[in-house]
Amino acid sequence: MEKRAYDVFSKATRDVCIRIIPGHFSTRHSHVNYCVDMTRVKSELGSSKAAANLFCDALGSTPVDTIITLDRMKMVGAFLAHYLSHTHINKGQNISVISPEIAGDKLLLRDNFLPYIKGKRVMLLTASATTGKDVKSVVEGIRYYGGEPVAAASVFGGEFTCDVPFVKLFGIDDVPDYASYSAVDCPLCRDGVKVDAVVNSYGYSKII
């Protein structure tokens, strides 16, 4: 499977790269014809810093008190908080970074996290947002807990509408024939194409 993989670099810097694997993959919400591997961005110091810098370039005029990170994006979130705290609008701001739970697609905040959301300006940082379902759910959850959602950002994102500014480093145009299907309507399944791997925020597990 990995022999089919190829790298896609950010147009802004070669320090930010995602790996694309063609095939048939099952995710939490859908079946997709490409696995988008973002392990480097999530795990490597240089790539995480570079990605955070790109997000800051796009969101530097956004006032932020707290960053919610999902999909193991906390290292990128920490660098983003650092860079944002040096922008004019957030100068000297002690920006918090938290990784709360997602239970049944809903944002779940324990009591110790509530002070970081209630009455705060909150942005969401996630690795992948292809359908927008999780982004919209978390934005709704931020409001439920008394926060003000101000922006959302993703390494790889699809085309969807959102009522807060949404920034992505890579999009569907970077993988031109990328497609996402519901499990019941997946044409690959109908054609008898075997699922190569199960994919989640931790990576992929091949199905033998």
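All residue numbers in this chain count up from 1 along the given sequence.
- Listed by first and then second residue, the salt bridge (charged side-chain N to carboxylate O under 4.0 Å, His left out) pairs that reach into residues 23-33 are R28-D105, R28-D134, sequence neighbours excluded.
- Judged by distance alone, the side chain of T87 and the main-chain N or O of L84 form a donor-acceptor pair under 3.5 Å.
- The distance from the CD1 atom of I18 to the OG atom of S47 is 10.5 Å, given to the nearest 0.5 Å.
- Identified under the salt bridge (charged side-chain N to carboxylate O under 4.0 Å, His left out) test for residues 38-58, with sequence neighbours left out: D7-R40.
- Residues F9 and F170 keep their aromatic ring centres 6.0 Å or farther apart.
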**Report entry** Audit row: S85, K91, side-chain contact (heavy atoms from CB on, under 4.5 Å) steps and yes/no
**Finding:** CA-CA 5 Å; S85 70; K91 194 73 172 179; over 6 Å; no
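- A distance of 6.0 Å separates CD1 in I207 from NZ in K194, rounded to the nearest 0.5 Å.
- Of all the heavy atoms in T130 and S128, the pair that sits closest is CG2-OG, 3.7 Å.
- At a threshold of 4.5 Å between side-chain heavy atoms, the hydrophobic network of Ile, Leu, Val, Met, Phe, Trp and Tyr places Y6 and I21 in one connected group.
- Screening residues 26-58 for ring-ring contact (aromatic ring centres under 6.0 Å, His included), with sequence neighbours left out, gives H24-H31.
- Among all heavy-atom pairs drawn from G77 and V97, the shortest one is O-CG2, 3.7 Å.
- For the pair A151 and L59, the tightest heavy-atom approach, listed with the atom from each and the gap, is CB-CD2, 3.9 Å.
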Report task. Walk me through it: do T126 and S154 pass the test side chain to side chain donor-acceptor pair (under 3.5 Å)? Result -> CA-CA 5 Å; T126 186; S154 178; 5.4 Å; no
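- With hydrophobic clusters built from ILVMFWY side chains whose heavy atoms lie under 4.5 angstrom apart, M38 does not share a cluster with F79.
- Among residue pairs with one or both ends in residues 145-173, those qualifying as salt bridge (charged side-chain N to carboxylate O under 4.0 Å, His left out) are R143-D163, E159-K168; sequence neighbours excluded.
- By the neighbour-count criterion of 12 heavy atoms within 6.0 Å, atom OH of Y202 is sparsely surrounded, having that number or fewer from other residues, nucleotides or ligands.
- Taking 4.5 Å as the limit, some side-chain heavy atom of L80 sits within range of a side-chain heavy atom of C56.
- Taking hydrophobic clusters as Ile, Leu, Val, Met, Phe, Trp and Tyr residues chained together by side-chain heavy-atom distances below 4.5 Å, Y204 shares a cluster with I20.
- Looking only at distances, no side-chain donor or acceptor of S180 sits under 3.5 Å from a matching main-chain atom of V32.
- When hydrophobic side chains of Ile, Leu, Val, Met, Phe, Trp and Tyr are connected at separations under 4.5 Å, Y144 ends up clustered with I68, L70, I98, I102, L107, L108, L109, F113, L114, Y116, I117, V122, L124, V135, V138, V139, I142, Y145, F160, V164, F166.
- Counting heavy atoms from C-beta outward, S96 and T66 have side chains that approach closer than 4.5 Å.
- K206 places none of its side-chain heavy atoms less than 4.5 Å from the side chain of V198.
- The minimum heavy-atom distance linking V41 with C17 is given by the pair CG2-O, 3.7 Å.
- Of all heavy-atom pairs between A58 and V167, the closest is CB-CG1, 3.7 Å.
- Counting only distance, with no hydrogens or angles, the side chain of H86 and the backbone of H82 share a donor-acceptor pair below 3.5 Å.
- The hydrophobic cluster containing L54 also contains L125, counting ILVMFWY residues as joined when their side-chain heavy atoms lie under 4.5 angstrom apart, directly or transitively.
- No more than 12 heavy atoms of other residues, nucleotides or ligands shown are found within 6.0 angstrom of CG on N94.
- For residues 61-86, the pairs satisfying salt bridge (charged side-chain N to carboxylate O under 4.0 Å, His left out) are D65-R121, with sequence neighbours left out.
- Closest non-hydrogen pair, V150 versus T62, comes out as CG2-CG2, 3.8 Å.
- Between the D174 side chain and the V8 main chain, no donor and acceptor come within less than 3.5 Å of each other.
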Requested in this report: Please assess T27 against S30 for the test side chain to side chain donor-acceptor pair (under 3.5 Å), listing each intermediate value before the final yes or no.
Outcome: CA-CA 5 Å; T27 75; S30 61; 3.3 Å; yes
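- Residues F25 and I172 share a single hydrophobic cluster, defined by chaining ILVMFWY side chains whose heavy atoms lie under 4.5 Å apart.
- Side-chain contact check for S26 versus V199: every heavy-atom pair is 4.5 Å or farther apart.
- For the pair L169 and S10, the minimum side-chain heavy-atom distance is 4.5 Å or more.
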